[in-house]
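See structure below.
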Amino acid sequence: MCLPIDDSAMLCWLESQSRILEAWQDELASRPDSDPLQVERLARHHAWLNEELSRLSPLRQAA
């Protein structure tokens, strides 16, 4: 079953996830015992999410 998704709510949720990833990334980067590969993977995921948000932003402007 497919349910319609409110684009504004989805974008808001994705933006909050981006802020959480950024905070997590900053915390890991500041800890000397962090795994550098984990920091790098998190940075790539954060960058991907921000690219998706940029791609989806016209949906917000059209609403």
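We count residues from 1, following the sequence as given.
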Residue pair Gln25 / Leu21, side-chain heavy-atom distance below 4.5 Å: no
Considering non-hydrogen atoms only, spot the tightest contact between Val39 and Ser34 and give its length. CG2-CB, 4.2 Å
In terms of hydrophobic clusters joined by side-chain contacts under 4.5 Å, are Ile20 and Leu28 together? no
With Trp48, which residues qualify under ring pair (Phe, Tyr, Trp, His ring centres under 6.0 Å), at least two apart? His45
What's the spacing between Leu42 CG and Asp26 CG if we round to 0.5 Å? 9.5 Å
Kindly give the heavy-atom pair with the smallest separation between Ser18 and Leu53, and that separation in Å. CB-CD1, 4.0 Å
In Å and rounded to the nearest 0.5 Å, what is the CD to CD distance from Glu22 to Gln17? 13.0 Å
Interatomic distance, Leu14 atom CG to Asn50 atom CG [nearest 0.5 angstrom]: 10.5 Å
Value rounded to 0.5 Å, distance of CD in Glu40 from CG in Asp35: 10.0 Å
Residue set satisfying salt bridge (Lys or Arg N to Asp or Glu O under 4.0 Å) with Arg19, at least two apart, ordered chain then number -> none
Hey, is Arg55 close enough to Glu51 for a salt bridge, meaning N to O under 4.0 Å? no
